[in-house]
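Okay, here's the structure, questions in a sec.
Just so we're on the same page: letters track the sequence lines, and every chain starts at 1.
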Protein chains: 2
Amino acid sequence: MTHVLDEAIALEQIGPDRFCGRTTEPYANMIGPYGGITAAVLQNSVIQHPDVLGEPIALTVNFAAAVKYGSFEITARPVRTNRSSQHWVMELSQDGQVAATATAVTAAHRDGWTETESQMPIVPEPHDVATGTRSTAEWLNRYEMRHIGRPGATVADPFYLDGESGESSHMALWTREVPPRPVDYASLTAFCDVYFPRVFVRHGKAVPISTVSMTAYFHATKDELNHHGDDYILGVVHGDAFRRGFYDHVGQLWSRNGTLLATTHQLVYYKA
Amino acid sequence: MTHVLDEAIALEQIGPDRFCGRTTEPYANMIGPYGGITAAVLQNSVIQHPDVLGEPIALTVNFAAAVKYGSFEITARPVRTNRSSQHWVMELSQDGQVAATATAVTAAHRDGWTETESQMPIVPEPHDVATGTRSTAEWLNRYEMRHIGRPGATVADPFYLDGESGESSHMALWTREVPPRPVDYASLTAFCDVYFPRVFVRHGKAVPISTVSMTAYFHATKDELNHHGDDYILGVVHGDAFRRGFYDHVGQLWSRNGTLLATTHQLVYYKA
């Protein structure tokens, strides 16, 4: 049986560097599909491109407009191929209008001196943390989310928004797909966007938001992703600044064994 | 008199969305020009575009190949213009070959709830910190750099590489241009790349490196940049992970009064 994520990121080649896909109901968000799935299908346009070399190491997606439900076209062009890296430019359009732009880099990893400087925080095991429940959008049912709580909250409930601005937007979260699916670079891209908006946490209020730009750096090799399998991913996220309509979001995604799978950043529009 | 930075980022329009520029000697690096100046000229292709709306809020530059000394062409296309934001796709090419790809978002800031979560570290004032001297590349003479030292080093000298891997790549640095120049979004882009490579600091060795992808989020409005003027900028940087040929670099750029001007991220190739 095909996993819902694979259905959502499926692409059909319709010309050189041109692919066609369509939005799927399981990833519906409030306005258009979940941004993480749009990022994942853009990542997939590179992964499944006949000319791809190497593994994804960097991806940036700019969300130019809400994606409408239905079909979309992606162009994915390898604009420069070097000895051990390849540079990609992508565009997602609907009815001739650009809805998202993206760039990606794929490369060959090389063995050598390797150190992870950031440390995975010490947190309870996934099964010792309650699963959150909310049903404000269909895509939320695609992820099991176990929030470790927002610092300073009296309950380990990120959805407990008391209308008071706090001191911190830091949060940790165990998450995996429903049903579980072995992680790969496309699904890891989607995981980069699952976190509850930082402005809600910091400001203590749900306000209108929309991701403007999202970048992910993939630190794990394909072997490390295979080793991770379908186990929980620990997300650790915070925002540096919430200033005049835009805030940033800085995240790390960890394997339970302390492997840093990816780091991710977003710039998000908010109205508050 | 024109500042050297303005000479380096100058562009001449040669067609719709097409501009021509050339590398300048003051920003020469070891192989091709300083990456920060390439990022700045790509940012400038948007800023000086006749159709631009709003202020830069996000920029990603992917360095596909070393830029050769001489002239280059930049295409900068506004692919989507919304009510309060505009999405850009840029490409820098030489002899018909892509040397860098980029995307940018410009937008109007809006007043409203504003908080800076990250804190500027408490550090000595710029004039209480020694200026570094090194002359390995011409562009380094364009910046006055006052390194606050690498944690754990016995001397406040980031260039003291003892060949021993340390525990931390964290560093802070006061910097401004030589001669001083009032900061704007183009020069702020160039400031995002001035920091000594994190792998040198963490690994205790100079090794071959090359920035693959760089993203900057601009948190300051034009008014805040005007208020900053040509004063020193405090850079605070570290790397999360150095893994199999690629490391990331996470930076914050602060005004002396505690305004967070920008946050920046890089993915960098290294050989060690």
- request: Report yes if the side chains of Arg243(B) and Phe218(A) come closer than 4.5 Å at any heavy-atom pair, otherwise no.
  value: no
- request: Please state whether the side chain, the backbone, both or neither of Gln97(B) comes within less than 4.5 Å of a heavy atom of chain A.
  value: both
- prompt: Quick one: do Arg244(A) and Glu224(B) make a salt bridge, cutoff under 4.0 Å?
  reply: yes
- prompt: Side chain, backbone, both or neither: which part of Thr81(A) has an atom under 4.5 Å from a heavy atom of chain B?
  reply: neither
field: Proximity breakdown for Ser210(A) and chain B, heavy-atom pairs closer than 4.5 Å
entry: neither
query: Distance-only, no hydrogens or angles: does the Tyr247(B) side chain make a donor-acceptor pair with backbone N or O of Glu115(A) under 3.5 Å?
result: no
message: Is Val105(A) close to chain B through its backbone or its side chain, or both, or neither, when contacts mean heavy atoms under 4.5 Å?
response: side chain
- prompt: Is there a donor-acceptor pair closer than 3.5 Å between any side-chain N or O of Asn82(B) and the backbone N or O of Ala64(A)?
  reply: yes
- prompt: Regarding Thr263(A) and Asp240(B), is there a side-chain donor-to-acceptor distance under 3.5 Å anywhere?
  reply: no
message: Between Val207(B), Thr215(B), Asn62(B), who has the most heavy-atom pairs with chain A when the cutoff is under 4.5 Å?
response: Asn62(B)
Thr60(A) (side chain) donor-acceptor with Thr60(B) (main chain) under 3.5 angstrom: no
- prompt: In terms of heavy-atom pairs under 4.5 Å, which option from Phe246(A), Tyr269(A), Trp88(A) contacts chain B the most?
  reply: Phe246(A)
task: Using modelled atom types only, decide if a donor and an acceptor are shared between the side chain of His87(A) and the backbone of Phe63(B) within a distance under 3.5 Å.
output: yes
message: I need the residue from Val199(B), Thr103(B), Thr114(B) with the largest number of non-hydrogen atom pairs under 4.5 Å to chain A.
response: Thr114(B)
task: Name the option with the most non-hydrogen atom pairs under 4.5 Å to chain B; the candidates are Ala104(A), Ala272(A), Gly112(A), Gly245(A).
output: Ala272(A)
query: Does any heavy atom of chain A fall under 4.5 Å from the side chain of Thr221(B), the backbone, both, or neither of them?
result: side chain
field: Part of Ser85(A) lying under 4.5 Å from any heavy atom of chain B
entry: neither
- request: Using a cut-off of under 4.5 Å on heavy-atom pairs, state which of His109(B), Arg110(B), Gln119(B) scores highest against chain A.
  value: Arg110(B)
message: For the interface with chain A, which of Ile57(B), Thr101(B), Val89(B), Asp111(B) has the highest count of heavy-atom pairs at distances below 4.5 Å?
response: Ile57(B)
message: For Ser169(B), is there any backbone N or O sitting under 3.5 Å from a side-chain donor or acceptor partner on Glu117(A)?
response: yes
statement: In short, His203(B) meets Trp113(A) closest at the heavy-atom pair ND1-CE2, 3.1 Å
message: Could you check whether Arg80(B) pairs with Glu91(A) (Lys NZ or Arg NE/NH1/NH2 to Asp/Glu carboxylate O, under 4.0 Å)?
response: no
field: Tyr217(A) and its side chain to side chain contact (heavy atoms under 4.5 Å, CB included) partner, picked from Leu267(B), Val212(B), Val250(B)
entry: Leu267(B)
- request: Answer yes or no: does atom CG of Asn257(B) have more than 12 heavy-atom neighbours from other residues, nucleotides or ligands under 6.0 Å?
  value: yes
